[in-house]
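The structure presented is a predicted model; accordingly, all values stated were derived computationally and were not measured. Lettering follows sequence order; numbering is per chain, from 1.
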2 protein chains.
Amino acid sequence: MTSVRPGRRGRRPGSPDTRAAILAAARERFAEVGYAGTTIRAVAAAAGVDGALVHHYYGSKDDLFLAALELPVDPREVLAEAVVSGDRDDAGERLVRTFLAVWDDPDNQPALIALVRRVLEPGGEPLLRDGFLPVVLVPIGERLGIDRPELRMPLLASQVLGLITLRYLVVVEPLASMDADALVAAYAPVVQRYLTGPLPG
Amino acid sequence: MTSVRPGRRGRRPGSPDTRAAILAAARERFAEVGYAGTTIRAVAAAAGVDGALVHHYYGSKDDLFLAALELPVDPREVLAEAVVSGDRDDAGERLVRTFLAVWDDPDNQPALIALVRRVLEPGGEPLLRDGFLPVVLVPIGERLGIDRPELRMPLLASQVLGLITLRYLVVVEPLASMDADALVAAYAPVVQRYLTGPLPG
DNA sequence: GTCTATAAATCGATAGAC
DNA sequence: GTCTATCGATTTATAGAC
């Protein structure tokens, strides 16, 4: 897991990369029990170090959380590229498939789950309301050239968030165990409807 | 709010119904900041009493939470009656409309929001996974006579939970401000699809 | 770079006076 | 029935030894 570089001169920066071990442990704790439920002590214990070291490297609990939330992917890039390029009548399928591909990648999951848990925790509302929705999702709708994106994208978000919540956080069967193809078959038509189908009013 | 009965003999039970004031304050705190975020002291302060009184009336924090979760309605009765009686092709619309009617009632909202917040808090998963879904939702699907209810109802739940989350917890516009009719128009076709439409596999 | 020791705040819960 | 006082357990965070 830790790449040792024997030819290195001078003092080693940290031992076998304690810093990264702390961050990984923090991500898993945040994903497992949320921000409020995570204690610095538990993170330190999971990383096999003392609690003071966590503060030493990452400052306050808030700072550690921000560091743990650093996503391996830029959702704007990945989603926009996959969804906007191609036929608009298949955008729903591409969006669901891309979402699942990112979420099913074990490298991404802890940070993503921690992020969604934070959104659903009291006080985390702005992350979705003022962040992901207007900054990532609505612009995608605009670039797709659909009408009323500020209504269509929240409708879409309500379905995608519900799926994410049940599959990855609450772990409801059979949703949690279905493969990506089956989920795409189930959800793509609904997402497509929100993108280009009829609207109320 | 408090019915005074002047002819009553003997010592009055509590003052102007402190017990109910504590419960109402607890409901609002649990709905506002969740179970973990709620402190006995904050409940007591909101009710204008001392913290020890809360323990005196309701025992532990868990007991208080259970008392605060007591729903004014039995979801099984309300949902089953509204959804099962009538044409199966309109069941989606009746389900969405009934859900919204219950949720938009100010008397129900604090307890319902507190309940969903608990579901979305780490450790609350069994409430939905082993409670609401198999006890309330799947039986409704069975009584409707649809095929594969154990797949259809989780699909349906993912959409309804997403709507509930965005409208009442995260408060995302325009979902939060739309009236029930507009929401029914937007979501009933999707819910109906999950009930009686095509499935993957 | 890593740890011990501890400060300072807050929590749930209890005992007991009035 | 209501409150004061307080215990004991946890928490984040810091200071400083090694």
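Ring orientation note: the planes of B:Phe132 and B:Phe99 are nearly perpendicular, at an angle over 60° on the 30°/60° scale.
A donor-acceptor contact closer than 3.5 angstrom links the side chains of A:Thr196 and A:Gln192. Between A:Tyr57 and A:Thr18, the side chains place no donor N or O within less than 3.5 Å of an acceptor N or O (distance only, hydrogens not considered).
The distance from atom NE2 of B:His56 to atom C1' of C:dA15 is 13 Å, rounded to the nearest whole Å. In this entry the distance linking CD1 of A:Ile40 with P of C:dA9 reads 19 Å, nearest Å. With rounding to whole Å, B:His55 atom NE2 is found 4 Å from C:dA13 atom P. Distance, B:Lys61 NZ to C:dT10 C1': 12 Å, rounded to whole Å. One can place OH of A:Tyr58 at 14 Å from C1' of C:dG1, the figure rounded to the nearest angstrom. What separates CG of B:Asp17 from P of D:dT2 is a distance of 10 Å, to the nearest Å.
Under 4.0 angstrom from either OP1 or OP2 of C:dT10 there lies no side-chain N or O belonging to B:Thr39. Between C:dT2 and A:Thr18, a contact under 4.0 Å exists linking OP1 or OP2 to a side-chain N or O. Taking side-chain N and O atoms only, A:Tyr57 has no distance below 4.0 Å to OP1 or OP2 of C:dG1.
In this structure, the nucleotide among C:dT4, C:dA13, D:dG1 sitting nearest to the side chain of A:Asp50 is C:dT4. Taking only side-chain atoms of A:Ala52, from C-beta outward, the nucleotide of D:dT4, C:dC3, C:dT2 with the closest atom is C:dC3. Out of D:dA13, C:dG12, C:dT2, the shortest distance to the side chain of A:Leu53 is found at C:dT2.
For A:Arg167, the side-chain hydrogen bond (donor to acceptor under 3.5 Å, both in side chains) test picks out A:Asp104, with sequence neighbours left out.
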